[in-house]
J.: 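Okay, handing you the structure first.
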Amino acid sequence: MALRGRRNRTHTTDATPTTDATPAADREDDGHRGPAGRLGAYAGRLTAPAGRLGAPTEAVRRRLREGGTGPVPVLLALAVTWIVFQALNANFLSPRNLSVLSVDIVGTGMVAVGIVFVLLIGEIDLAVGSLAGLAGAVFASLNVNLGMPEWLAVLVAVLCGTAAGAVHGFSFARIGVPAFVVTLAGLLVWNGVTLYLLGPDSSISFSEDGLVATLTSRYFDSAVAVYGLAALCTAAYLLVSLHDRGRRAAAGMPCRPTAGIWARTALLALVSFSVVYVLGRFEGLPLALLIFLAVIVASDLLLRRTPYGRQVLALGGGVEAARRSGVDVVRVRISVFMVSGTLAAVGGLFIASRLTSASQISGSGVLLINAIAAAVIGGTSLFGGRGSTWSALLGVLIIQSIGSGMALLGVEPPAQFMITGGVLFTAVVVDSLTRRSAQSRGRV
Amino acid sequence: MAAQPLLALRGVSKRFAAVQALEDVELEIRAGEVVALMGDNAAGKSTLVKVISGVGPADRGVIEWQGSAVQIRRPQDAQVLGIATVYQDLAMCGNLDVVANLFLGREIHRLGILDEVEMERRTRELLKTLSIRIPDVRVPLATLSGGQRQVVAITRSFLGEPRLVLLDEPTASLGIEQTSQLLDLIEELRDQGLGVLLISHNMGDIKAVADRVAVLRLGRNNGFFDVTTTSQEQIISSITGASDNAVAHRTSRPEEAWP
């Protein structure tokens, strides 16, 4: 009987001076050691060098190198924008201007939230601008021309966005047409449908005190209600954080220090109460802003805290990896385009509401560009897998602040475009550099 | 030897457009047995792994699990049966952290909300049981070294308490000593009564741990060999196709001929 190669190898392993394997005799007694010990030894060997580098400062430095700095750069950019414009025009940070700004961001912001979903799976949706215009046109023509009740017209308009998104998603995910081309075709088709619906006047005005108009004209000025809401949100955040910490502590895992949680809560309270206070000094808390924030919080929870959101992020990290882990790639892709189409339609209704009319301008290319720019400026990667719906809020705030500030200063639109373009370019350069620095170390 | 194989493939075929990737492939893996799957490039090894793991289901043929025919149409089906797969290219998401990668596709959730605490607790528990040191289980996988990522990939296969582990070229990117450790692990898996299907190009690895070798050539079975009684040359000629003639089918040389 020839010796099995296995025996030979086992002996050589044991003879290796550096090995930490148990002696052969020991091994035979301890037959139930299980794969765990072996993999552990194997892993220990691999991870040993990293363990030596594992000093805390190294971890921090590594995070900085990876570009994992979170929203800090964006917040700094927003602060700089506001300080510069306030220095140039004292009216910029006035309650009135901020109130107008807080309503103006909602339409584009909603569209940008949808774009974040699409960017997270590493794709692009060029049809959102047209879909926003389509939603306004569908609503106005159903409501004004056909006399359909407003709520039903709103529902149909939003569902049009969902359906169009489903068509894009299906063509992309099932048929395999590149998303860029599908949505480019969509851009043209839906723009055409919009123009057809709007008719020869290319604009339909609707009631100024109907449901849709109320979306952007309703303000809450009851101090009890708005401060109560701010307090409620802060308390909810605190309770969720403490509950989470309690569970982690109970499971014996490292957790955030309580002081950190209180500091974050205090910061949240400061921001929410000052927003309520400043907006309260003009007309009150706009309904539109509330809806926008609710959509952001809900979509952020969806992406970060549900299995579905995990699947969306996994697609951005690696389609094949996701597929092999059992993620239904086609279903997730279609659903993401449906979310994008739906939110584009919602955003379109807000924009129409602001003008109390549906027109072609509301769905023009500028909206598309601004929505994509907002998502990217806010910190969502164009390469997929990295970002959050909060970036839609931050990005759109920066873009609209620039627009609003320029308007106050009387700067012509050409200069506005150039400056917004410059900011977008900077954001994309930062995004690309982050990705390249990760790549150059073989870590993608 | 167990009466019933853990997994048996009967007449499995798969076609990619004009290419017949697998044709009437037979394969049996018993509990407590390491079966090596060998074959030249484009022999259909990875395709076969994808058939078993549900990533690329077969067009025809029967898959039997412990004697009864089963359908593996999706990766989840294989997971439910207890088939764990470690892929050649690791198949991990670099943007997700260690916990998310381990639980990808089988997240723990309560009322539709991910239970991050429970998932992290189980991750830490598992890593501790396996004595694996990962600096931080909440950093994106892309920030870990190649070796650490491979550890995570292998750890993932332990999560569902598998009955059968598929390893697609696990040693391809490892150094000599790490390979040796991995082979030890494979032996331990077998001693625990798990079935192991090991794909490798390395004859040394195969000789070391495998009980049987199944050779694929151009998508067809090209022989099953008992590692203890077959010469290396015989297996290699079966892989390359040199044995497709009458001479090669004659009785092999005596055992003592190979080292």
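Naming convention: chains lettered A, B, ... in sequence-line order (proteins, then strands); numbering from 1 in each chain.
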J.: Please identify, among B:Gln76, B:His109, B:Glu120, the residue contributing the most non-hydrogen atom pairs under 4.5 Å to chain A.
T.: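 Looking at each option in turn, the highest pair count goes to B:Glu120.
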
J.: Restricting to non-hydrogen atoms, name the atom on A:Ala375 and the atom on A:Leu119 that form the minimum distance, rounded to 0.1 Å.
T.: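 Answer, listing the atom of A:Ala375 first, then A:Leu119: CB-CD1, 3.9 Å.
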
J.: Please state whether the side chain, the backbone, both or neither of B:Asn101 comes within less than 4.5 Å of a heavy atom of chain A.
T.: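 Looking at B:Asn101, nothing touches chain A.
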
J.: Measure the CD1-CD1 distance between B:Ile83 and B:Ile63 for me, rounded to the nearest 0.5 Å.
T.: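 CD1 of B:Ile63 is found 7.5 Å from CD1 of B:Ile83.
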
J.: Considering only heavy atoms, which portion of B:Arg110 lies under 4.5 Å from any heavy atom of chain A: side chain, backbone, both, or neither?
T.: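 For B:Arg110, side-chain heavy atoms alone lie under 4.5 Å from chain A.
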
J.: Salt bridge between A:Glu320 and A:Arg323, side-chain N to carboxylate O under 4.0 Å?
T.: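 Salt bridge between A:Glu320 and A:Arg323, a charged N being under 4.0 Å from a carboxylate O: yes.
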
J.: Would you mind checking which part of B:Gln79 comes under 4.5 Å of any heavy atom in chain A, side chain (CB onward), backbone (N, CA, C, O), both or neither?
T.: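 The answer is the side chain of B:Gln79.
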
J.: Answer yes or no: is there an ion pair linking B:Asp211 with B:Arg190, defined by an N-O contact shorter than 4.0 Å?
T.: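 Yes, this pair counts.
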
J.: Please look at B:Met119 and chain A and tell me whether the side chain, the backbone, both or neither of the residue comes under 4.5 angstrom of a heavy atom of that chain.
T.: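 When you check distances to chain A, only side chain atoms of B:Met119 fall under 4.5 Å.
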
J.: My understanding is that only one of A:Asp328, A:Val319, A:Val118 makes a side chain to side chain contact (heavy atoms under 4.5 Å, CB included) with A:Arg333; could you say which?
T.: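 By the side chain to side chain contact (heavy atoms under 4.5 Å, CB included) criterion, A:Arg333 pairs with just one of A:Asp328, A:Val319, A:Val118: A:Val319.
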
J.: Side chain, backbone, both or neither: which part of B:Leu96 has an atom under 4.5 Å from a heavy atom of chain A?
T.: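 Only the side chain of B:Leu96 comes within 4.5 Å of chain A.
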
J.: Against chain A, label B:Arg124 side chain, backbone, both or neither, depending on which of its atoms sit under 4.5 Å from a heavy atom there.
T.: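 The answer is the side chain of B:Arg124.
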
J.: If you tally heavy-atom pairs under 4.5 Å against chain A, which of B:Cys93, B:Ala100, B:Gly112 wins?
T.: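 That would be B:Cys93.
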
J.: Minimum heavy-atom separation for B:Phe225 to B:Gln234, with atom names?
T.: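 Scanning both residues, the minimum pair turns out to be CZ-O, 4.5 Å.
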
